[in-house]
Amino acid sequence: LRSAVPRTRHDPFASASLLPRRTALRQYSAHRALQPRLHSALHTASALLDMWCDPLVTRMAVPEELVPKPTQKTLTSTSAAASMSSGRTAALRASTTTAPTHCSTVLREVEAICAKAQEEAFPGVKAPMNVTVGTRDGVDYQNNSAMPLFGVLKKAGSLPEGMKTSRDVASKLCTAMLTADSDSILADVQVAGGGFINISLSRQWLSDRVMQVVLYGALPPLAQKKRVIVDFSSPNVAKEMHVGHLRSTIIGDTLCRLLTFCGHEVQRVNHVGDWGTQFGMLIAHLKAVFPDFGSRPPPINDLQQFYREAKGVFDSDEAFKKTAHEEVVRLQSGDGASRAAWQQICQVSRTEFEKVYSRLNVELEEIGESFYNEYIPPVIAHLTEIGIATESGGAKVIFPPGSKHEQPLIVTKSDGGFSYDSTDMAAVWYRLLERKADWLVYVTDAGQAPHFELVFLAAKAAGWATEAHTLTHCPFGLVCGEDGKKFKTRSGDVVRLVDLLDEAVTRMLAEMRNREVDMSEEELVRTAKVLGYGAVKYADLKGNRVSDYRFSFDRMLDPKGNTAVYLLYAGARIESIHRKAGVDLDALIASGATVDLAHEAELNLGRMLLRFQEVIEQAVSPDSLLPSVLCEYVYNLCETLNKFYQPCKVIGSAEQNSRLLLLLACKRVMQKSYELLGIGFLDRI
């Protein structure tokens with residue numbers, strides 16, 4: 001099928017015949033019985049090749065004859081990886097051949113100890129294991145496996161002699177856990193309640209692990225590499241981007257940053273609305289108002305106003321309406337003048353979109369609706385041939401197996417035209433089978449959830465999406481004004497995003513000038529932009545994305561609340577302490593200085609730092625995709641940092657060197673977190 005698709009991918013007016021594609025689709029249908037196994041085999045082979053070349057993958061079972069013979073360099077690298085697991089700082093310093101590219105979560109390491117202990121204490125017994133993060137002071141993690149294990153043993157009649165309760169099982173697990181802890185991770189394990197096991201981590205191990213952050217920075221957790229396509233932002237040509245597009249853009253960009261950080265191959269797709277019957281109206285209006293548009297680009301400064309003017313004429317002038325319909329036909333048939341007018345309208349829109357994207361520091365690959373025009377007919381023909389698309393009232397519809405919705409996907413309208421559903425089915429085919437994506441993520445408002453449920457079910461019914469694929473709709477709620485109603489200007493118009501973003505910067509700039517901050521004008525403006533744009537982003541990300549949120553400049557720019565401004569001040573304070581200390585941190589590290597978490601406030605800060613990988617894992621889980629998890633974490637980190645300052649003097653204290661390094665570890669985690677959230681970092685404010 002791929003060989004039958006013209007290589008002029010982004011030209012919706014490619015002249016190649018559709019016949020070869022239809023033929024290829026029929027061949028594809030004829031061999032559909034073999035497709036799942038073939039696709040699975042190809043997917044597995046591709047995954048193995050990716051894993052073989054992926055430095056994040058540490059172990060893979062391959063034939064011994066294919067494994068390269070170890071050299072001195074690879075032996076040294078293996079030693080470095082082993083030292084990362086053990087957490088011993090001295091070994092880390094000695095292993096300088098290569099820096100680690102990832103770091104396992106502390107939870108995974110504790111789980112490994114618990115699993116080994118359970119197998120050694122009760123060999124051959126299959127029982128679920130449950131280890132969670134501790135919620136009480138002094139408890140880092142909790143092993144909750146004893147009670148279900150007791151139930152399995154009791155049911156099988158295989159309780160060891162002397163064991164009568166789940167506490168007895170927990171006691172035996174505690175002993176086995178201390179034996180299984182070969183890296184001295186655990187400080188104490190105690191049975192609580194009816195069989196819970198409270199776990200405290202070793203102060204020395206925690207100190208060494210924080211030192212790894214000092215040496216190597218905030219590393220991603222282990223992840224199996226996937227090819228991910230994230231569809232987000234997706235504004236409509238000739239219309240202003242509204243606050244719904246702001247949410248999609250901010251959330252989608254953050255998800256891309258997180259997935260890329262974890263080692264996935266991420267493609268950022270902007271599915272712009274650049275096709276449809278409305279373009280006949282816009283082209284006709286452009287030709288009427290700017291007849292020389294071919295030689296002189298039209299000075300369209302307000303797209304929204306241009307659209308309103310065209311719509312006004314369309315609704316009131318029957319002759320214009322007829323012309324508009326004729327323009328649709330010309331455009332779809334590839335008429336040169338109509339195509340040129342369409343491209344000019346699209347380019348004006350792109351220029352306006354870029355004003356928003358540049359402010360938010362967002363990059364996207366535009367693959368609009370028009371791109372799929374050549375794919376739609378053969379894809380629908382294929383769906384019809386395999387019985388997925390059926391006739392209904394003159395239209396072709398899809399009622400996917402397992403759907404709970406009464407409304408089907410309409411892939412061909414009764415007049416023979418195509419729809420939004422047609423485009424999305426062609427898009428999901430292209431992304432899965434042409435771009436070979438493993439995971440598709442669509443970031444849109446929650447109102448489109450039923451539509452994407454149908455699209456995903458149809459793709460699975462057609463055999464395009466297999467068990468090896470993940471299809472995720474990432475919905476979000478509305479942006480409301482401070483009154484809780486839909487966010488609009490006082491006149492009722494849609495708020496221009498550029499104006500919205502610049503207002504945040506203007507307010508921050510005025511506030512900094514009132515404080516008479518000692519900065520040059522250039523630095524003042526740059527700082528205000530980081531604070532203002534970051535505040536808008538963080539306000540969007542910090543809540544559960546499915547919920548509506550109220551847009552308030554006063555709340556999002558508050559330096560004392562859960563805001564980007566507060567976070568950025570916390571980062572700048574660390575930099576201020578480092579400057580005042582006047583210590584060369586690189587020289588300090590080279591001298592052999594280490595982190596020693598002696599004070600309880602230092603331990604709390606160290607524990608919080610080491611939860612970073614766990615939080616990233618949770619944020620990018622296909623079942624959640626919640627940037628708010630990272631927001632909550634980094635806010636709690638800043639709060640814990642501020643509590644650390646109260647009892648722990650840094651400059652001039654006996655613990656100065658250790659605490660300077662601890663603050664450096666904090667900076668590294670905060671800076672990486674801010675980068676993933678897209679809010680920047682400031683050395684001073």
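All values below were derived from every heavy atom in this structure, side-chain atoms included, with hydrogens, water molecules and symmetry-related copies excluded.
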- Message: Show, in sequence, the C-alpha distance, side-chain angles and deciding distance for Phe279 and Val328, and conclude whether the side-chain contact (heavy atoms from CB on, under 4.5 Å) test is met.
- Response: CA-CA 7 Å; Phe279 279 96; Val328 173; over 6 Å; no
- Checking ring-ring contact (aromatic ring centres under 6.0 Å, His included) against His271, which of Tyr442, Phe232, Tyr372 comes through? Tyr372
- Query: Under 3.5 Å, is there a donor-acceptor pair between the side chain of Arg247 and the main chain of Asp540?
  - Reply: yes
- Query: Under 3.5 Å, is there a donor-acceptor pair between the Tyr357 and Ser233 side chains?
  - Reply: yes
- Parallel, tilted or perpendicular: which fits the ring planes of Phe452 and Phe456, with parallel below 30° and perpendicular above 60°? tilted
- Message: Quick check: do Leu331 and Ile283 have side-chain heavy atoms less than 4.5 Å from each other?
- Response: yes
- Item | Polar contact flag, side-chain donor to acceptor under 3.5 angstrom, Thr423-Glu369 | no
- Task: Test Asp231 against Arg431 for salt bridge (Lys or Arg N to Asp or Glu O under 4.0 Å), laying out the working first.
- Result: CA-CA 10 Å; Asp231 178 328; Arg431 292 167 180 178; 3.1 Å; yes
- Item | Close side-chain approach of His405 and Leu454, heavy atoms under 4.5 Å | yes
- Query: Between the main-chain N or O of Pro559 and the side-chain N or O of Thr563, is there a donor-acceptor pair closer than 3.5 Å?
  - Reply: no
- Message: With rounding to the nearest 0.5 angstrom, report the CD1 to OH distance, Ile574 to Tyr569.
- Response: 15.5 Å
- Pair Glu453, His473: side-chain N/O donor-acceptor within cut-off below 3.5 Å: no
- Item | Side chain to side chain, Trp342 and Asp274, heavy atoms closer than 4.5 Å | yes
- Ion pair Glu521/Arg513, N-O distance below 4.0 Å: yes
- Task: Could you please spell out the steps behind the side-chain hydrogen bond (donor to acceptor under 3.5 Å, both in side chains) verdict for Asn562 and Tyr538?
- Result: CA-CA 9 Å; Asn562 182 9; Tyr538 187 79; 2.6 Å; yes
- Message: In the structure I gave you, are the side-chain heavy atoms of Phe476 and Asp445 within less than 4.5 Å of one another anywhere?
- Response: yes
- Message: Testing the basics here: between Leu677 and Val634, what is the closest heavy-atom pair and its distance to 0.1 Å?
- Response: CD1-CG1, 4.3 Å
- Task: Write down the atom of Gly280, the atom of Glu327, and the distance for their closest heavy-atom approach.
- Result: O-CB, 3.6 Å
- Check: Tyr549/Asn544 side-chain N/O donor and acceptor closer than 3.5 Å: no
- Item | Pair Arg227-Trp439, side-chain contact (heavy atoms from CB on, under 4.5 Å): steps then yes or no | CA-CA 6 Å; Arg227 180 173 292 149; Trp439 186 3; over 6 Å; no
- Item | Electrostatic pair Glu575-Arg684, nearest N-O below 4.0 angstrom | no
- Note on the structure: Taking every heavy atom of Ala426 against every heavy atom of Tyr375, the minimum-distance pair comes out as CB-CB, 4.1 Å
- Donor + acceptor pair across side chains of Tyr307, Asn236 (<3.5 Å): no
- Does Ser419 reach the main-chain N or O of Ile410 with its side chain, forming a donor-acceptor pair under 3.5 Å? yes
- Item | Minimum-distance pair of heavy atoms, taken over all atoms of Leu219 and Gln613 | O-NE2, 2.8 Å
- Pairwise side-chain contact, Ile380 with Ser422, heavy-atom cut-off 4.5 Å (strictly under): yes
- Task: Spell out, as yes or no, whether a donor-acceptor pair under 3.5 Å connects the side chain of His264 to the backbone of Lys226.
- Result: yes
- Check whether any side-chain heavy atom of Val237 sits under 4.5 Å from a side-chain heavy atom of Arg350, and report yes or no. no
- Task: Establish, yes or no, whether a centroid distance under 6.0 Å links the rings of His451 and Tyr420.
- Result: yes
- Taking atom NZ of Lys287 as the centre, report whether more than 12 heavy atoms of other residues, nucleotides or ligands fall under 6.0 Å from it. yes
- Message: Whether Asp335 and Arg339 form a salt bridge (side-chain N of Lys/Arg under 4.0 Å from carboxylate O of Asp/Glu) is what I want to check.
- Response: no
- Given the rule in the side-chain contact (heavy atoms from CB on, under 4.5 Å) test, do Val629 and Ser624 qualify, once you have shown the distances and angles that lead to the verdict? CA-CA 10 Å; Val629 172; Ser624 60; over 6 Å; no
- Look at the aromatic rings of His285 and Phe306 and report parallel, tilted or perpendicular, splitting at 30° and 60°. tilted
- Task: Could you tell me whether Arg435 and Glu365 make a salt bridge, using a distance below 4.0 angstrom between a side-chain N and a carboxylate O?
- Result: yes
- Task: Decide, yes or no, whether a salt bridge links Asp438 with Lys225 under the criterion of side-chain N to carboxylate O below 4.0 Å.
- Result: no
- Item | Gln671 side, atom CD; Glu675 side, atom CD - distance, nearest 0.5 Å | 8.0 Å
- Item | Under 3.5 Å: donor-acceptor pair, side chain of Trp275, backbone of Asn373 | no
- Can a salt bridge be assigned to the pair Glu503 and Arg507 using a cut-off of 4.0 Å between side-chain N and carboxylate O? yes
- Task: Using a strict cut-off of less than 4.0 Å between a Lys/Arg side-chain nitrogen and an Asp/Glu carboxylate oxygen, indicate whether Arg515 and Glu511 qualify as a salt bridge.
- Result: yes
- Side chain proximity check, Ser234 to Thr444, heavy atoms < 4.5 angstrom: no
- Query: Do Asp253 side-chain atoms and Val362 backbone N/O form a donor-acceptor pair below 3.5 Å?
  - Reply: no
- Query: Short question: side chain of Tyr674, backbone of Leu567 - any donor-acceptor pair under 3.5 Å?
  - Reply: yes
- Task: Flag the pair Thr249 / Leu360 as yes when at least one side-chain heavy-atom distance between them is below 4.5 Å, and no otherwise.
- Result: yes
- For Ser552 and Arg555, indicate whether the former's side chain and the latter's backbone hold a donor-acceptor pair under 3.5 Å. yes
- Polar side-chain atom of Arg545 near backbone of Leu625 as donor-acceptor pair, under 3.5 Å: yes
- Query: With a 4.0 Å cut-off, would you call Arg550 and Asp483 a salt bridge?
  - Reply: no
- Residues Asn642, Arg573; criterion side-chain contact (heavy atoms from CB on, under 4.5 Å); working and verdict: CA-CA 10 Å; Asn642 284 332; Arg573 184 177 182 183; 3.5 Å; yes
- Run the salt-bridge test on Arg496 and Glu240 with the 4.0 Å N-O cut-off and return the result as yes or no. yes
- Task: Verify, without hydrogens or angle tests, whether Tyr633 (side chain) and Met608 (backbone) share a donor-acceptor contact under 3.5 angstrom.
- Result: yes
